[in-house]
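Along the sequence shown, residues carry numbers from 1.
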Amino acid sequence: MFEYIKLQRTMCFGTCPVYSVMVDNEGNVNYSGEMFVYKSGEHHWKIPMKKVEQLNGLIEDFGFKSFIYEPGNEFITDQPSCITTIKYSDGETKEINHYYGHVLIDDSLTAFENKIERIIGTKKYVNPKLYIYLVEEKISESSIRYMVISASEKEAISLVEKECTRQEALKWKAMKIGVAIDDYYEPLILMRDFKVRNGNL
């Protein structure tokens, strides 16, 4: 059984996501986003024991403890690395610094790293699919509308609630109107529209 698994994604000459994520054998996940990620800073969540068991099975099936990383001498500069560290319950620690610029890159190791992250659930913090939402509130005197880039309807409404300065309680409705195709590293408001019956506010 592992005691903890830690993955670190390093910078490259470009916009590679830079972050680290660690999970222990009770399912506690600690994520730290640094650059070019959707959620920067510290975030914490917990995965169920079923997923912890999946991780343990993945490590055993891959043979991480005995895996020998032999990338060769040929490489391309300015690529990112994935550093995987696993501490086992017997006290042994194994680390592999997998540089993605090696010409003889090991696809099985890349797949192993990606499977760990899928089980842990880092995608929503690093690079979720983003949508364009129209968030709207219609009250008797005015219409308030925002266009928002966000990963979810709930997040879009939450962002608008924090930004809107109206004092009265408002009930917001969000409608998905498209997919964001550019890179965005945080939820954001693209446009605002405030109108009253006889003109703009």
Q. Can you get from Val21 to Tyr100 by hopping between Ile, Leu, Val, Met, Phe, Trp and Tyr side chains that sit under 4.5 Å apart?
A. no
Q: Please write out which residues are connected to Met22 in a hydrophobic cluster, directly or through intermediates, given that two of Ile, Leu, Val, Met, Phe, Trp, Tyr count as joined at side-chain heavy-atom separations below 4.5 angstrom.
A: Tyr4
Q: To the nearest 0.5 Å, tell me how far Lys6 NZ sits from Thr84 OG1.
A: 11.5 Å
Q | Partner residues of Cys164 under the disulfide (SG to SG under 2.5 Å) criterion, sequence neighbours left out | A | none
Q) Taking all atoms of both residues into account, what is the closest heavy-atom pair of Trp45 and Gly121, and its distance? A) CZ2-O, 3.7 Å
Q. Quick one: ring pair (Phe, Tyr, Trp, His ring centres under 6.0 Å) partners of Tyr69, sequence neighbours excluded?
A. His98
Q.
Which heavy atom of Phe2 sits nearest to which heavy atom of Val23, and what is that distance?
A. CE1-O, 3.9 Å
Q) Who passes ring pair (Phe, Tyr, Trp, His ring centres under 6.0 Å) against Tyr185, sequence neighbours left out? A) Phe36
(Q) Listing request: all salt bridge (Lys or Arg N to Asp or Glu O under 4.0 Å) pairs with a residue in residues 85-99, at least two apart in sequence or in separate chains. (A) Glu3-Lys87, Lys65-Asp90, Lys65-Glu92
Q) With sequence neighbours left out, what residues match Tyr88 under ring pair (Phe, Tyr, Trp, His ring centres under 6.0 Å)? A) none
Q | Pairs satisfying side-chain hydrogen bond (donor to acceptor under 3.5 Å, both in side chains), at least one member in residues 150-159, at least two apart | A | Tyr38-Glu155, Lys39-Glu155, Ser150-Glu155
**Q.** Neighbour count above 12 (heavy atom, 6.0 Å) for Ile181 CD1
**A.** no
(Q) Looking at every heavy atom in both Met1 and Asn56, which two are closest together, and how far apart are they? (A) CA-OD1, 3.2 Å
**Q.** For Val18, all residues meeting side chain to side chain contact (heavy atoms under 4.5 Å, CB included), sequence neighbours excluded
**A.** Met11, Glu34, Met35
(Q) Tell me which pairs pass salt bridge (Lys or Arg N to Asp or Glu O under 4.0 Å) where either residue lies in residues 14-33, with sequence neighbours left out. (A) none
**Q.** All pairs passing salt bridge (Lys or Arg N to Asp or Glu O under 4.0 Å) where residues 41-53 contributes a residue, at least two apart
**A.** none
Q.
The criterion is ring pair (Phe, Tyr, Trp, His ring centres under 6.0 Å); which residues satisfy it with Phe67, sequence neighbours excluded?
A. Phe62
Q. In Å, rounded to the nearest 0.5 Å, how long is the span from CD1 of Ile149 to CG of Asp182?
A. 8.0 Å
(Q) Please list all pairs meeting side-chain hydrogen bond (donor to acceptor under 3.5 Å, both in side chains) that have one or both residues in residues 117-135, counting only residues at least two apart or in different chains. (A) Arg9-Glu117, Tyr19-Glu117, Glu117-Thr122
(Q) On a heavy-atom basis, which atom in Ile132 and which in Ala180 lie closest, and how many Å separate them? (A) CG1-N, 4.2 Å
Q) What pair of heavy atoms forms the shortest contact from Thr10 to Cys16, and how long is it? A) O-CB, 4.3 Å
Q | Atom of Val126, atom of Tyr31 and distance for their closest heavy-atom approach | A | CG2-CE1, 4.0 Å
